[in-house]
Amino acid sequence: MTPRRAARTATACGVLLGAVAAAAGVAASLVAMPAAATPAATPAAIDAQGQIEDPVLQSRFESITKQLRCLVCQNESIADSNVELADQLRRQVREMLIAGKSDDAIFQFMTDRYGEFVRFNTPLEPKTLLIWGAPFLLMLIGAGAIYRIVRVRSRMPLDDEPASGTP
Amino acid sequence: MWKFLVPIVLFGGLVALFAFGLNPDRDLHALPSPLLGKPAPEFALQDVIDPNRVVSNAPLAGQIYLFNVWATWCAQCRQEHETLLEIAQQHVVPIVGLDWNDDRGKAVQWLQQLGNPYQGVGFDNDGRTAINWGVYGAPETFLVDARGRVLFKHIAPMTLEVWQEEFLPRIQAARRQQGGA
């Protein structure tokens, strides 16, 4: 391998690595998105019903209501929305928490009535595998395509160099 | 040899995707109801006109009926009211109403002024029945079959067109099935 050819292969490999890293970044940010949409600590939401006495229940209440979509506004959580339906859904969550229901039971109650769309955090289940796996799948396809292009090109003769094998 | 097809197929795929995604007729707010095919939630509420009367879907077991969610604050409900009156006059199926998060006085006035297509109207002022039905807007109209299962949900004002194209065929099919069973 001539130095120039080596340099070109190295550049190509750099491009490949860069592209893979970029794809991985995109994939990671896509996966991180649902979590990023629900910041960890914010002041108590619009809530006319006051705090729940038990602080543990109150923090669960805040976490759950941030993860439920307000279907009237559709890009707000029921913790952030002040429409009447959101208020009534907050009441529902509060009552279920006080009745000792688990987080899963509350999410199940909501998805049974409003569908999967009501959840901001898509659970990782067999039927959601494509959603969670798509970024990685696309990354693999991209990496495969770049690998093939680089391999084919690194075998091509350089324009200003006699083709290998000729004296 | 077949490689020239790759961009054509990809292009065709994109065209199909955009045709679906950018279709102006697609209502982005309308969500499929998870209740379809499942038992309709039971309810028993005060009648909006007569507080001493209970409106419930339990006595409707064995019948196909419409369940229509409305309110006086909902402009589209007023728009569909004529259609509901017309459907009621056809006497195909009973219509049960749900007056959702509303003012009782205004609701009674509405029914007296515009006419009452409903067999009974449940007064749902705390929204609990609506939550059980997965209601997130008004108007919404559900079709429930004789076995008490939700057959169809229409999220928009009722029109005679929707009634004829979406509801009547399902009602007829359900009746045929009932007759055969």
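Excluded from the calculations below are hydrogen atoms, water molecules and symmetry mates; all remaining heavy atoms, backbone and side chain alike, are included. To find a chain, count down the sequence lines: A is the first, B the second, and so on, and within it residues start at 1.
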Honestly curious: do V72(A) and L98(B) fall in one hydrophobic cluster under the side-chain, below-4.5 Å linking rule?
yes

What pair of heavy atoms forms the shortest contact from P34(B) to G115(A), and how long is it?
CG-N, 3.2 Å

I131(B) versus F109(A): any side-chain heavy-atom pair under 4.5 Å?
yes

Using 0.5 Å steps for rounding, measure from the CD atom of Q88(A) to the CH2 atom of W100(B).
7.5 Å

Find the distance between CG (N132(B)) and CD (Q92(A)) and round it off to the nearest 0.5 Å.
7.0 Å

Crowding at CD, E42(B) (>12 non-hydrogen neighbours, <6.0 Å):
no

What do you reckon, is CD of Q90(B) surrounded by more than 12 foreign heavy atoms closer than 6.0 Å?
yes

In Å, rounded to the nearest 0.5 Å, how long is the span from CG of D87(A) to CG of D126(B)?
11.5 Å

Side-chain heavy atoms under 4.5 angstrom apart, residues restricted to Ile, Leu, Val, Met, Phe, Trp, Tyr: same cluster for V135(B) and L68(A)?
yes

Nearest 0.5 Å, please: how far is CZ in R113(A) from NZ in K38(B)?
11.0 Å

Count the heavy atoms of every other residue, nucleotide or ligand shown that sit under 6.0 Å from CZ of R147(B), and state whether that count exceeds 12.
no

Minimum heavy-atom separation for A130(B) to Y114(A), with atom names?
O-OH, 4.0 Å

Check whether more than 12 heavy atoms from other residues, nucleotides or ligands sit under 6.0 Å from atom CD of E161(B), and answer yes or no.
no

Can you tell me how far CG of N101(B) sits from CG of L85(A), rounded to the nearest 0.5 angstrom?
8.0 Å

